[in-house]
Amino acid sequence: MTVFIDPDRAQFEAFKVLDRDHPIEMLNLVKFRAKANYPEGHDLADAGLTGAQAYRNYGNETAPIIARLGASILWRGAYQTTLIGPQDENWDEVFIARYPTAHAFLEMVTDPVYQAAVIHRQAAVETSRLIRCAPTKSGEAFG
């Protein structure tokens with residue numbers, strides 16, 4: 001399995017060149033490590049936390065930032081199975097986060113409190129997908 005935890009420079013640059021002046025929705029697919037992997041010397045390096053516990057720390061520490069920016073979790077679901085796609089991918093967290101603008105997302109990731117908290121996400125995640133979407137009109141049919 002290919003591991004994706006943080007965006008690489010090219011992905012982040014592609015994100016930043018898109019229009020920032022409209023709401024965005026970020027599809028999050030997250031697979032946890034069995035045991036959190038904090039860097040040596042971190043206060044929690046020997047705490048024996050699971051990836052899920054480390055991810056909860058990330059959520060707890062970033063929740064005030066998300067609220068301040070006007071972002072929210074739009075939808076959350078419990079992964080069951082993949083009908084079309086790689087059968088070796090399964091997810092522990094599946095959710096859509098809505099940000100009022102891409103500016104708000106960028107403000108979040110550059111916030112010093114967020115930057116300190118992201119170590120929990122990095123320790124927690126085995127692999128993930130973070131997919132930026134623009135909201136469009138809903139309807140009653142595909143396409």
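Small disclaimer: the values here were computed from a predicted structure and weren't measured. For this chain, numbers begin at 1 and follow the sequence in order.
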Check residues 99-108 and write down every donor-acceptor pair under 3.5 Å in which the side-chain atom is one partner and the other belongs to a residue at least two apart or another chain.
from: Thr101; atom 1: OG1; to: His103; atom 2: N; distance (Å): 3.2
from: Thr101; atom 1: OG1; to: Ala104; atom 2: N; distance (Å): 3.1
from: His103; atom 1: NE2; to: Asp21; atom 2: OD1; distance (Å): 2.8
from: Glu107; atom 1: OE2; to: Arg68; atom 2: NH1; distance (Å): 3.0

Quick check: is [Y] connected to [X] through a chain of hydrophobic side chains (ILVMFWY, heavy atoms under 4.5 Å apart)?
X      : Y      : result
Leu130 : Val118 : yes
Trp91  : Leu27  : yes
Phe4   : Phe32  : no
Val109 : Phe95  : yes
Phe15  : Ile66  : yes

**Prompt:** Just wondering, more than 12 heavy atoms not from Gln80 lying within 6.0 Å of its CD?
**Reply:**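 12 or below, so no.
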Whether [X] side chain and [Y] backbone form a donor-acceptor pair below 3.5 Å:
X      : Y     : result
Glu93  : Leu29 : no
Thr127 : Thr2  : yes
Glu126 : Val3  : no

**Prompt:** Any salt bridge between Glu25 and Arg98, counting N to O under 4.0 Å?
**Reply:**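 The answer is yes: the pair qualifies as a salt bridge.
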**Message:** Can you pull out every ring pair (Phe, Tyr, Trp, His ring centres under 6.0 Å) where at least one residue sits in residues 122-143? Sequence neighbours excluded, please.
**Reply:**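 For residues 122-143, and leaving out neighbouring residues, there are no ring pair (Phe, Tyr, Trp, His ring centres under 6.0 Å) pairs at all.
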**Item:** Inter-residue atom distance Ile65.CD1 - Gln115.CD, 0.5 Å rounding
**Value:**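 Spacing of CD1 (Ile65) from CD (Gln115) equals 9.5 Å.
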**Asked** About how many Å separate CD1 of Ile24 and CD1 of Ile96, when rounded to the nearest 0.5 Å?
**Response**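 The CD1 atom of Ile96 sits 12.5 Å away from the CD1 atom of Ile24.
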**Message:** Please enumerate all residues that pass side chain to side chain contact (heavy atoms under 4.5 Å, CB included) together with Pro7, with sequence neighbours excluded.
**Reply:**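 Counting only residues at least two positions away or on another chain, Pro7 forms a side chain to side chain contact (heavy atoms under 4.5 Å, CB included) with Gln11, Phe12.
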**Request:** Only counting residues at least two apart or in another chain, list the ones meeting side chain to side chain contact (heavy atoms under 4.5 Å, CB included) with Gln53.
**Result:**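 In terms of side chain to side chain contact (heavy atoms under 4.5 Å, CB included), with neighbours along the sequence ignored, Gln53 is linked to Leu49, Thr50, Arg56.
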**Request:** Any side-chain hydrogen bond (donor to acceptor under 3.5 Å, both in side chains) involving residues 132-143? Give me the pairs, sequence neighbours left out, ordered by first then second residue.
**Result:**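 Those involving residues 132-143 do not exist here.
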**Message:** Under the criterion side-chain hydrogen bond (donor to acceptor under 3.5 Å, both in side chains), I'd like the reasoning laid out for Arg121 against Ser128: C-alpha separation, chi angles, the key distance, then a yes or no.
**Reply:** CA-CA 10 Å; Arg121 184 184 187 286; Ser128 63; 3.1 Å; yes
**Asked** Taking all atoms of both residues into account, what is the closest heavy-atom pair of Asn60 and Pro64, and its distance?
**Response**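 So the two residues come closest at O-CD, 3.6 Å.
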In residues 36-48, what donor-acceptor pairs under 3.5 Å come from side-chain atoms, sequence neighbours left out?
from: Tyr38; atom 1: OH; to: His120; atom 2: ND1; distance (Å): 2.7
from: His42; atom 1: ND1; to: Leu44; atom 2: N; distance (Å): 2.9

